[in-house]
Structure formats: C-alpha cells, structure tokens
Number of protein chains: 4
Amino acid sequence: MSPNTISFRSDNDWGASPAVISAIASCNALAARPYGADDWTRAVESRLCEVFERQVGVLLVSTGTAANSISVAAMSPRWGSILCHRHAHVYADECGAPEFFTGGARLVPSASAGSRLDPQVLRGELAVGRGDVHCVQPSAVSITQCTEDGQVYSVDEVAALSRVCREAGVPLHMDGARFANALVSLGCTPADITWRAGVDVLSFGATKNGALNAEAVVVFNEGLVAQLPYLRKRAGHLLSKMRFVAAQMQGYLADDLWLANARHANDMAARLARGLESVRGVELAAPASTNILFVRFPESLAAGLRERGFDFYGDRWGPGVVRLVTSFGTTSSMVDEMIIAAREIAGAKS
Amino acid sequence: MSPNTISFRSDNDWGASPAVISAIASCNALAARPYGADDWTRAVESRLCEVFERQVGVLLVSTGTAANSISVAAMSPRWGSILCHRHAHVYADECGAPEFFTGGARLVPSASAGSRLDPQVLRGELAVGRGDVHCVQPSAVSITQCTEDGQVYSVDEVAALSRVCREAGVPLHMDGARFANALVSLGCTPADITWRAGVDVLSFGATKNGALNAEAVVVFNEGLVAQLPYLRKRAGHLLSKMRFVAAQMQGYLADDLWLANARHANDMAARLARGLESVRGVELAAPASTNILFVRFPESLAAGLRERGFDFYGDRWGPGVVRLVTSFGTTSSMVDEMIIAAREIAGAKS
Amino acid sequence: MSPNTISFRSDNDWGASPAVISAIASCNALAARPYGADDWTRAVESRLCEVFERQVGVLLVSTGTAANSISVAAMSPRWGSILCHRHAHVYADECGAPEFFTGGARLVPSASAGSRLDPQVLRGELAVGRGDVHCVQPSAVSITQCTEDGQVYSVDEVAALSRVCREAGVPLHMDGARFANALVSLGCTPADITWRAGVDVLSFGATKNGALNAEAVVVFNEGLVAQLPYLRKRAGHLLSKMRFVAAQMQGYLADDLWLANARHANDMAARLARGLESVRGVELAAPASTNILFVRFPESLAAGLRERGFDFYGDRWGPGVVRLVTSFGTTSSMVDEMIIAAREIAGAKS
Amino acid sequence: MSPNTISFRSDNDWGASPAVISAIASCNALAARPYGADDWTRAVESRLCEVFERQVGVLLVSTGTAANSISVAAMSPRWGSILCHRHAHVYADECGAPEFFTGGARLVPSASAGSRLDPQVLRGELAVGRGDVHCVQPSAVSITQCTEDGQVYSVDEVAALSRVCREAGVPLHMDGARFANALVSLGCTPADITWRAGVDVLSFGATKNGALNAEAVVVFNEGLVAQLPYLRKRAGHLLSKMRFVAAQMQGYLADDLWLANARHANDMAARLARGLESVRGVELAAPASTNILFVRFPESLAAGLRERGFDFYGDRWGPGVVRLVTSFGTTSSMVDEMIIAAREIAGAKS
C-alpha cells in the first residue's frame with residue numbers, strides 16, 4: 001500500500017490506538033505468571049463485569065474468528081446446525097472455522113430477507129428436522145452486531161430473536177467484531193443490547209477499533225463456561241504471555257477509549273455519507289448507522305477515486321457498489337478530501 | 001506473583017525485549033493491508049530466507065501450539081500417527097491440539113530411553129502397522145530442539161533421525177520453541193541443524209526468547225506449503241493486523257537480537273549450574289546445555305528458596321527434582337542471589 | 001406397521017429379493033478370510049468391472065450414507081465445500097455425516113431451480129471464493145441419480161455438469177442410491193451415465209432395490225482410490241465378515257436381477273401414475289420416470305387412503321402433496337387396489 | 001483360503017449360525033418401517049432388557065469398531081483421554097476410529113503389566129493432568145472382556161476397576177466383542193459382570209460368535225443414551241433395513257444360542273489346549289479360559305502344521321508364539337486332527 005493511499009477499505013487496515021500500545025509497553029516491566037494467570041487478565045475480567053453490569057465469563061483470544069468459533073463450539077453438538085445470516089462472517093469469511101471448532105456442525109444461512117435475521121423466518125428454520133435423527137439439529141443462532149453491511153439490530157429486535165431462540169431451546173450468539181460501533185449508534189448500554197435482550201455469548205471485538213489483536217468471548221450463560229478453556233487451548237489460542245492481550249484490552253476499555261474510538265469512526269462515516277450525498281449519481285444503500293457504508297457510484301467514479309489514492313473494496317456487490325469503512329484513525333480531512341475528489345470527478349448533484 | 005519474586009519458573013514468565021516493543025510501536029504509524037499482505041510480513045519472509053540460507057515457506061502465528069499443530073496437520077492424514085517423545089510438548093502440554101488440527105491423528109510417544117528420540121527405536125516404531133488398514137499409519141516424526149529438559153540434538157543426531165524418516169517415507173518436524181537456545185548451544189548455523197540435516201518443517205519460536213506472541217512455521221519441504229494458509233485461517237490464526245506479529249519477528253531477528261538473547265539465557269543457566277554445584281546435596285541431572293536445568297535439591301532447599309522469593313516448578317518430576325529456567329531477562333545478580341541463598345540454606349559442599 | 005398395510009412410503013420398507021437371501025445362505029458353508037480378503041468380495045469387484053466395462057475401484061459398505069460420505073471425504077479437503085442440490089440426501093437426510101467424514105467440509109446447496117443442478121448456476125457457485133483463504137474452497141460436486149423426487153439426469157446433462165466440474169478442477173460424485181431405477185429409465189449403459197459422462201465416483205446402491213444392507217463405492221478416478229480403505233475402516237465400516245455383503249451384491253448383480261427389480265419398480269410407478277391421473281383432483285408433479293411419484297391430492301384423499309391401509313409420506317412438501325414410492329416388491333394388485341380406492345374416495349375425472 | 005484349510009486364525013473366519021440365517025430369511029416376508037422403527041428391533045431391545053435383568057438402552061450396529069467408537073464418543077469430550085490396555089482393539093486394531101468418532105480424543109495405553117488393567121496403575125493414570133488445561137482430560141476407561149489374549153476379568157476385578165473410575169468421575173466401557181465367551185467362562189450372569197460390577201456401557205458382540213454383522217451398544221448409564229442415535233446416524237451406521245440386524249440378534253439370543261455357541265468354542269479351545277500340552281516343546285502362555293490360546297511352538301511346528309492345512313496367526317508376538325482361536329463352528333475332529341498332526345511333527349512329550 002502506498003504511503004499516500006487513504007484507506008476506506010477496512011478498519012483492519014488501521015493500526016492500534018496509542019493508549020493500547022502504551023498499555024503493552026507498560027506491562028512489560030516485570031515477570032508475570034503465564035497463560036492468563038496474571039493481574040492484567042484478572043483486571044480485564046473485572047472491568048468487563050463492570051462494563052456489562054453483572055458477573056460474566058471472559059475468555060481472551062487474538063482473533064474474531066477464534067472468538068466466534070469457540071463461542072459456537074460451546075453451543076452446538078457436532079450434529080448441530082447454527083443459523084446465521086448468509087453474509088455473516090462466520091459463514092462467509094472464516095474458511096469453515098466454525099465447522100472445524102464444532103467438529104463438523106453445519107452453518108445454515110437463513111432465508112431472511114435484508115441484512116438482519118427475521119424472527120418469523122428464524123422460527124421456522126429452527127423447527128426444521130428437530131428431533132429427527134436424519135437431520136442436523138438446530139442448536140444455536142448467531143447474529144452480527146453491527147451487521148456486515150453496517151446496520152444495527154435494535155434492542156427490541158435482539159429481544160425478539162432471543163425469544164424465538166428460547167422457544168426453540170437454543171442459545172443466541174452475537175458476533176460483536178464491531179460491537180462498539182453498534183453500541184454508540186444505538187445509544188444504549190452494553191447490558192441492554194446483550195444479556196438483558198437475551199444474548200448468551202458475545203464475541204467482544206477490540207481489534208478493528210483500536211487494539212492490535214485482542215478479542216474477548218463474554219459469556220452470560222453460565223452453563224456454557226466450562227468448556228471454553230479447553231476449546232481455546234486445543235485450538236492454540238491460549239497465549240503464554242496472555243498479559244499482552246489483556247493489557248491491550250485494558251487500554252482499550254480504560255477511560256472509555258473504546259466508545260470514543262467507535263464514536264469517532266461512526267461520525268466519520270456520517271460525515272462521508274453527507275458529503276457523498278451531494279455528489280452526482282451517488283446513492284447510499286442505507287443511512288449511515290455505524291462505520292460502514294455501502295454506496296452506489298456512477299460509472300468511472302470508483303476508478304477515478306482510486307487513481308487519486310483512495311482505496312476501498314468494490315468488486316463483490318454488483319456493478320457500481322462499493323463499501324467504505326471508516327475507523328478511529330480516519331480523520332475528517334481524509335473524509336473531506338474524498339468528498340472533494342468525488343465531486344471533482346462526478347460533479348455535484350444538481 | 002509478588003513484585004519481589006525472582007522467577008526461574010519459565011521463560012514464559014518474562015515480557016518482551018524492548019526492541020520488540022519498539023518494533024510494534026514503529027509499525028503503527030500508517031495504515032496497511034490486513035491479513036499478512038503487508039510489507040512487514042514480506043520483510044520477515046525475506047529475513048528468514050537469509051537466516052536459513054535458502055528459499056523457505058513462512059507462516060506467522062501467535063503460539064507455539066498453533067505452529068506445532070499446523071505443522072503436523074500438514075504432514076499427517078487423519079488416520080496417521082506422529083511419533084514423538086513422551087515428554088514432547090505436542091504430546092504432554094497441548095491438550096490434544098495436534099489431534100484437533102490433524103482431524104484425529106494419533107500422537108505416539110516413542111519408547112526411546114532418555115530425553116531424545118533414538119533412531120533405532122524409531123525405525124521399529126515407524127514400521128508398526130504400515131500398510132495395515134487396521135492400524136493408524138506412521139506419518140510423521142516430531143522432535144523438540146532443544147528438548148523439554150534442555151538437552152540438544154547434535155547435527156549428526158538430527159541427520160540420523162531424518163535418515164530413518166526418509167527410509168520410512170515420513171517427514172520430520174522440529175519443535176523449536178527454544179530453537180535459538182539450542183542453536184547457540186550447538187554453535188552451528190540455522191541451516192545446518194534444520195534442512196541440511198533433513199528437517200522438513202520447523203516451528204521457529206520467538207515468544208519465549210523475547211517476543212510477545214510471535215512464532216513462525218518455517219517450511220523446507222515445498223510439498224507441504226500449499227495447505228498451510230487454510231490450516232491457519234480455519235483455526236482462527238490468521239490475524240487481521242498480522243503486521244504486528246511480523247514486526248515482532250523483525251525486531252527479534254534484527255541485529256541478531258534473537259541470538260544475543262538466547263546466548264544470555266544460556267549463560268545465566270550455566271552460571272546458575274556452576275553455582276549450585278557448590279551447594280551441599282545439590283545434583284544436576286545433566287550439564288547445562290541451554291537455558292533449562294533439572295536439579296535434585298536436598299530436602300527443605302526448595303521450600304527455603306521459595307520462602308525467600310525464588311520461584312520455580314518442582315512438583316512433577318519425582319521427589320526433590322526441580323526445574324530452573326533462565327531467560328533473556330534473567331540477570332546475573334538474580335542468579336547470584338539464588339546461589340547465595342541456596343548456600344545459606346543447605347550449606348556449601350565440603 | 002399393520003400386516004395389512006400396503007406401503008408406498010419408501011423402497012426401504014421392503015425386504016430383500018429371495019435370490020439375495022439365498023446368496024447369503026450359500027456363502028455360509030465354509031470358513032473364509034475376514035475383512036474383505038475373500039472370494040466373494042473379489043468376485044464382486046470383477047463383476048462390477050464387467051458392469052462398468054472397465055477397471056473400477058470397489059469399496060463395499062452397508063449404507064448409502066457411508067458410501068456417500070466416504071466418497072466426498074476422498075474428494076474434499078477439510079476446508080472444502082461440496083456443491084449439491086438442496087434436497088440432496090447428503091445435505092438433507094444424513095445428519096451431517098458428510099461433514100463428519102470430511103472433517104468439517106461444508107455442504108453447499110446450489111441455487112439451481114428445479115430438481116437437478118443447473119450447469120450455468122453451478123459454474124458460478126464453483127467460482128465463489130476460489131483461492132481466497134477466507135472462504136471454504138469449492139472442492140467437489142455431488143448429484144443424485146435418480147434425484148430425490150424421482151427425476152433423472154440425461155447422459156447429456158451429466159456430461160454438461162462434469163464439464164463444468166473439469167473446468168473448475170473438481171471431481172463429480174453421483175449418489176446412486178437408486179442408480180438402477182435411473183438406469184432402466186434412461187435405457188443407457190452403466191458406463192454411459194457414469195465415467196463416460198465424466199463421473200469420478202459413484203455410490204452404487206443395492207439396498208433399496210433388493211439387498212439387505214449392501215452398497216458399493218465405485219471409483220473411476222484412480223487418484224481417489226488410495227484413501228478409501230482407511231476412510232472406511234476408521235468409520236467402522238470394514239465388516240469382519242464382509243463376504244456377507246459381497247454375497248448380497250453378487251446375488252443382486254447375477255442374472256441382471258438388479259435391472260429386473262428396478263424395471264419392475266418403475267413399471268409399478270408408471271402404472272400407478274396412469275391410474276391416478278384418472279382420479280378427480282389428482283395432479284402429478286412430473287411424469288413418472290422412475291419409482292418415485294410426487295402427487296397433489298385433493299383434500300381428504302390422503303386421509304381416506306390411509307384409513308384404508310395405504311401408507312405414504314405427505315407432510316413435508318406443502319399442502320396436499322404426497323410422495324409415492326414403489327419397489328421390486330410392489331405388486332400390480334397393490335397398485336390397482338390403491339387406484340380403485342382413490343377413485344372411490346375422490347371420484348373419477350370427468 | 002483353500003477349502004481344505006482348517007482355520008484357527010480367528011472366529012471372524014467363520015460364517016453365521018444357521019438359526020441366524022433363518023431369522024434373516026423369516027423377517028423378509030413383509031414390508032416394515034425402516035431405520036429401526038420395526039418390530040424386530042423393539043423385540044431385541046426387550047430381549048436385552050431380560051438378558052441384563054433391567055432397563056437398558058440398546059443401539060444396534062454392524063461392527064464392533066462402530067460399537068466401541070460410538071460408546072467412547074458418548075463418554076469423552078474431544079479434549080478427553082480414554083485409558084485402555086495397549087493391546088486393546090480400540091487402540092491397536094481400529095485405525096484410529098475412536099479418535100475419529102470422539103472428534104480427536106486420545107487413546108492412552110495403560111502401563112499396567114499383564115493382559116488386564118491394574119486398578120492401582122489406573123488410579124494414577126486417571127489423575128494425570130486432571131483440571132490442567134494444558135493436558136487432555138482423563139474421561140473414560142475401556143476394558144476388553146474377554147481380553148485380546150483370551151483372559152477374563154473376574155467380577156471382583158471389574159468391580160475394582162469401576163470403583164477407581166467412580167472415584168475419578170469417569171465412566172467405564174466394556175468391549176465385549178467376545179462377551180459370550182467371557183460369560184460362560186466366568187459362569188456368572190450378564191448383569192453380574194456388567195452393571196452390577198459398575199460397567200456403564202457394553203459393546204455386546206454377536207458377529208464373532210454366530211451372527212453375520214450384528215453388534216449392540218448396551219447402555220446402563222441413562223445419561224449416556226441421548227447422543228447415541230446421532231452418533232450412529234452421522235457415522236452412517238443407521239441401517240435403513242435395520243430389521244435384518246435385529247433379526248440376527250434375535251436369532252442369536254433365542255434359546256440361548258449365544259451361550260451354547262460360546263460354550264462350544266471355549267470347550268474346543270480347552271480340548272485343543274489339553275491336546276497340545278502333550279506335544280513336545282509346546283507351552284501354553286496361560287490356561288485356556290475362553291476361545292483364544294497363545295501357545296509357544298517348538299521350531300518348525302508352525303510351518304509343519306501350515307503345510308498340512310492348519311491356519312493361524314503367528315508373526316506378531318515374538319519368535320515361536322502363535323495364536324489359536326476356536327469358534328462355534330470348530331468341530332472336535334478339527335481339533336483332534338490338529339493335535340494328531342502336531343504330535344506327528346513335533347513328537348509327544350516324554
């Protein structure tokens with residue numbers, strides 16, 4: 001990537017918040033117990049209990065794929081199926097990691113229209129083959145908050161899905177790779193959108209929003225806790241120097257850095273959306289809710305922007321559709337430069 | 001762990017070298033391609049080719065368990081067996097991770113006496129059940145360099161084992177969680193003790209010797225390369241911000257920091273060994289070769305040292321036997337304090 | 001099931017052909033080598049080479065699920081995906097057995113409309129994620145001949161699909177649980193509809209058409225043969241007294257019993273279809289091709305027939321739709337009784 | 001195998017009892033529900049409750065490997081270990097099937113001396129790594145009754161092992177591939193040697209003792225029942241025409257055929273042992289307990305017997321050691337011919 005490139009490709013393109021780097025450096029002074037038996041890990045566990053206003057189980061890992069896969073593996077027998085959206089990261093972007101961690105359970109993409117699971121559709125899908133030995137057994141549901149296209153489930157929507165899960169006797173997982181972005185968009189508490197709405201396990205992401213490689217499995221359902229350490233160790237995700245992941249998470253959660261980072265990223269997306277709406281031929285797929293925008297560009301705009309050093313994905317969602325992602329590191333001048341460039345290339349709306 | 005504790009428990013107790021922390025901080029400035037498509041990762045690949053004096057395949061991961069498990073999974077079919085020492089980390093300390101990654105292959109502890117695999121014993125074990133559909137099929141051999149008790153395989157010993165592997169048509173894996181410690185002990189080149197001696201895949205450890213969480217699978221056998229990226233991704237070990245692992249490895253390899261760190265750790269172990277030999281009732285299981293010592297303590301010495309703040313493992317190897325591990329962070333005064341304390345408690349040898 | 005019931009539920013409801021029972025009894029006289037090293041097994045292998053007019057690999061097992069699962073496990077890495085119809089037995093009726101045998105590969109139901117895979121649709125689906133480490137890798141295609149709703153792929157249709165597979169570099173599996181029924185419907189040779197049309201592996205079913213529990217994996221692609229014995233043994237499907245499966249297959253193939261049985265079953269389905277077409281309100285979903293009919297019944301006809309002792313499935317395919325399956329054991333008087341009863345209940349077409 | 005060969009190789013070399021063949025033929029008359037929802041299967045379940053004098057869970061399968069693997073898979077998490085004898089069929093002769101069915105649990109051969117597990121040794125082995133996330137977790141014990149070398153565990157010995165299991169909180173599996181041979185040797189009831197002695201799950205073998213391919217998983221521990229049908233289906237072991245396995249088991253259990261067959265086989269082994277004791281240079285490894293003898297032959301006796309058409313295994317247990325196995329089909333004249341031949345070749349004891 002050229003140093004002059006301005007990336008709207010992914011929040012993964014960005015590094016870490018300085019406070020997170022500092023937290024790593026400052027936990028390096030002394031020797032400490034390995035494998036998570038250290039003070040930093042304990043402190044993170046306490047801090048997450050505060051954040052979620054209750055006792056929670058916490059398992060630190062280095063990637064969202066690990067967090068998601070361990071979560072669903074704790075929920076589903078090997079002959080189970082896990083209902084999810086067809087665009088869900090667990091289904092579309094993890095090379096079958098959930099199948100691997102579960103020992104061969106099936107990810108079943110829901111027929112729900114739109115970008116969120118529909119409780120009515122889900123209810124029917126959770127009934128398929130139940131108790132019939134010839135069929136995989138519906139065992140868990142996984143939703144993404146915010147979704148892969150940047151939309152959010154409201155508290156009521158999560159609660160409606162969790163009621164359907166309860167009826168069917170299956171737990172509900174929330175992939176929160178961008179949980180902070182969803183949270184500041186919703187304006188509710190972490191508790192409201194998770195366990196109070198019926199979520200059993202949350203993949204609490206930090207990497208995309210300012211950490212290097214730190215994610216937490218946060219468990220609200222005590223019955224799912226016991227297997228987690230074995231699932232993690234057996235997958236090679238129990239780091240010997242776990243404190244360096246814990247330190248990242250500490251830095252991320254301290255002084256509400258995580259919320260500030262997410263708020264900034266969301267603000268940048270909103271600013272970008274407003275600016276692009278003024279460009280001729282540009283259409284937003286949906287109002288800016290978080291830090292991801294899907295936008296339809298008129299012919300040649302994408303190419304023109306790329307020539308000027310703006311980078312973004314655009315080859316997967318039909319002709320003219322591009323994805324623009326902002327992050328804690330995106331500056332307002334980056335956004336404004338992009339808007340100005342877009343106007344120059346495509347002209348302003350008349 | 002009390003801040004006054006002096007740890008000889010494990011090299012995992014120590015943090016990272018300052019140069020490694022700096023390397024992380026300095027790669028944080030700009031945005032970069034995620035998932036290993038970044039300049040730092042490419043630079044590490046080049047650097048490892050230099051270190052090993054040939055083209056090698058490189059796969060970065062965060063833990064030794066992941067490196068080992070991915071390595072053997074690339075070598076063995078699901079109905080295979082992997083011969084190893086009964087104390088090998090892959091057998092004794094990874095909660096069945098190799099079984100998980102291979103899809104259920106079997107780890108078979110060799111009947112070899114001592115702490116290293118014996119080529120003659122191995123030859124017989126590699127013939128068991130070969131071609132018999134009722135039996136798991138011997139498919140790979142894994143050795144640890146240095147071994148779990150701090151001993152090293154000489155170049156000739158590795159070559160003798162690899163010849164047995166070649167005869168049997170199976171590849172040879174080297175778990176080099178403490179590869180640097182072995183290397184400086186042997187005084188040979190990285191190439192001599194690996195591919196020139198017939199090693200197919202090396203788990204090249206950095207974490208124990210100065211990194212936070214960085215290991216590399218280094219592949220000398222081209223036929224084993226293609227599956228690795230899928231094995232890594234599917235296990236959740238493809239980090240989105242992989243450059244932060246690459247940066248650690250860069251810092252670790254730059255200016256031969258890795259060799260300096262290992263040399264220091266080994267020197268500290270030798271100093272400790274010399275000092276303890278002067279203590280009444282103390283017996284070393286073997287001369288100091290690397291940074292791990294197994295020592296028999298007279299009654300009450302272990303307890304006495306622990307009371308004074310020295311920490312080490314001592315409950316697994318029979319009465320009186322303790323393990324003492326030094327690291328790049330162990331200072332000569334820590335070593336000397338321990339020797340002085342031991343003499344005060346147990347007295348000097350007459 | 002009441003002894004007076006007349007079953008059109010499934011060909012699985014029927015027993016075995018008398019010649020198959022005799023074959024079992026007659027191979028019982030002498031002692032023999034176990035685990036398939038017997039003369040009956042060798043004879044079946046030869047006979048299947050005759051049937052398919054070429055050298056084939058043969059692996060005998062006891063169930064279609066085992067045959068299918070071993071077949072796809074030989075074709076797909078663990079991070080692979082196997083494209084199939086959404087109604088395919090491997091997807092809908094095997095409780096995730098293919099996922100189990102493959103070590104967690106993914107079954108992907110094609111978006112093809114109708115009851116057969118569409119080559120154009122398949123071409124696109126086989127390109128999804130190819131070479132992208134974030135995605136499961138399209139690795140095999142499985143089609144069912146005849147399909148789950150009793151339709152057949154023509155020779156040209158199979159050839160068109162296999163061309164798409166070749167282009168994508170993936171093998172083609174044919175689930176022939178009712179292969180004989182398809183074959184007599186097509187009127188072609190076994191070779192024409194399999195390897196000459198590009199099929200790599202066939203699950204050659206005998207159980208539904210006159211055996212007790214005998215199926216063969218028939219392999220036309222030599223590169224896929226080596227793993228099969230290990231896949232079978234490891235799944236507990238290598239019978240010690242394998243000759244009793246081989247004897248069934250011998251009896252099944254001798255004197256073209258298998259073709260006669262299938263022809264009879266198909267004839268009974270055609271007779272039933274003709275008869276039902278004369279019943280008021282009855283509609284056939286498709287012309288009778290094999291031994292499976294899907295029929296729309298007017299209200300109350302299904303219930304009325306069940307009251308009179310006719311049994312069939314009818315709760316899975318929308319209101320009024322029932323499935324009627326004939327077998328080698330179905331007699332023309334059973335068929336005629338059903339037609340008469342249907343006319344009495346619903347009246348004749350005007 | 002030449003028709004003139006007299007086999008003492010394995011009880012697997014023999015066919016089925018005529019009554020078992022008849023039972024298959026007689027259940028062929030009518031149509032029946034598939035997949036075990038038939039009267040024969042229900043009748044077998046009832047009959048096994050009678051045999052074991054209590055309510056038991058029953059799962060019919062076609063092979064001992066399937067029975068064993070499903071049993072241990074119901075007992076052990078994927079990160080578990082299953083303690084067994086180093087000669088146990090599950091460890092030595094199933095190509096890793098238990099590892100496959102469990103999803104990668106580890107079979108750990110006990111260090112027990114002799115041919116049976118030793119409770120004291122087992123107690124220590126069950127404590128290894130318990131609760132330590134770095135270690136596989138001891139989760140089950142599997143013993144073979146009779147053992148692979150034809151010895152039996154007494155009721156007291158089984159009870160002693162089950163007490164050790166209870167203390168450690170793990171269930172006890174009994175591989176009863178030759179359960180009938182053990183039972184008639186012990187002279188106790190089926191209940192005494194299984195659940196009353198603390199066995200949780202039994203692989204109840206019929207194949208070696210007169211069936212074609214019929215085994216039952218018999219479950220005394222209700223908590224282990226629920227998963228079994230899914231484990232069976234997913235492994236392709238739910239036969240569509242399950243009644244033909246049930247019919248075999250019915251025929252096997254009717255009129256105590258199973259006990260008569262085993263008694264006969266054991267008697268033939270005892271007769272053979274007595275006869276061979278009179279042959280010069282022959283030594284029995286142990287008194288005849290069941291239908292398996294391990295015998296040391298003087299030089300050239302094995303070759304001489306093979307020349308005369310007697311067949312047996314002899315290449316795996318050290319120089320001169322052969323295994324002789326009798327079955328329900330072995331006749332006294334076969335035994336006597338072998339004794340006479342042996343005396344002619346090696347001479348009588350002086």
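Just so we're on the same page: letters track the sequence lines, and every chain starts at 1. The structure presented is a predicted model; accordingly, all values stated were derived computationally and were not measured.
- Both the backbone and the side chain of Tyr91(D) come within less than 4.5 Å of a heavy atom in chain B.
- No side-chain donor-acceptor contact under 3.5 Å links Gln145(D) to the backbone of Ala182(D).
- With hydrogens and angles disregarded, a donor-acceptor distance shorter than 3.5 Å links the side chain of Ser69(D) to the backbone of Thr65(D).
- Taken from CG in Leu293(B) to OG1 in Thr326(B), the straight-line distance is 7.0 Å, to the nearest 0.5 Å.
- Using a 4.5 Å cut-off between non-hydrogen atoms, no part of residues 113-124 of chain B approaches chain D.
- Side chain of Thr147(D) to backbone of Thr144(D): no donor-acceptor contact under 3.5 angstrom is found.
- Of all the heavy atoms in Ala74(B) and Gln227(B), the pair that sits closest is O-NE2, 3.5 Å.
- Atom CD of Glu167(B) sits in a crowded spot, with more than 12 heavy atoms from other residues, nucleotides or ligands closer than 6.0 Å.
- If you take CD1 on Ile292(D) and CZ on Arg323(D), they are separated by 5.5 Å, rounding to the nearest 0.5 Å.
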- Query: Which is it for Leu224(D) and Val201(D) under the side chain to side chain contact (heavy atoms under 4.5 Å, CB included) test, yes or no, and what are the steps along the way?
  - Reply: CA-CA 8 Å; Leu224(D) 298 171; Val201(D) 178; 3.7 Å; yes
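- Interface with chain D: from residues 126-134 of chain B, residues Val133(B), His134(B) qualify, criterion being any non-hydrogen pair under 4.5 Å.
- For the residue pair Glu148(D) and His89(D), no side-chain donor N or O sits within less than 3.5 Å of a side-chain acceptor on the partner.
- Across Cys135(B), Gly104(B), Cys95(B), the residue that shares the most heavy-atom pairs under 4.5 angstrom with chain D is Cys95(B).
- Inspection of the Ser203(D) and His173(D) side chains reveals an N or O donor paired with an N or O acceptor under 3.5 Å.
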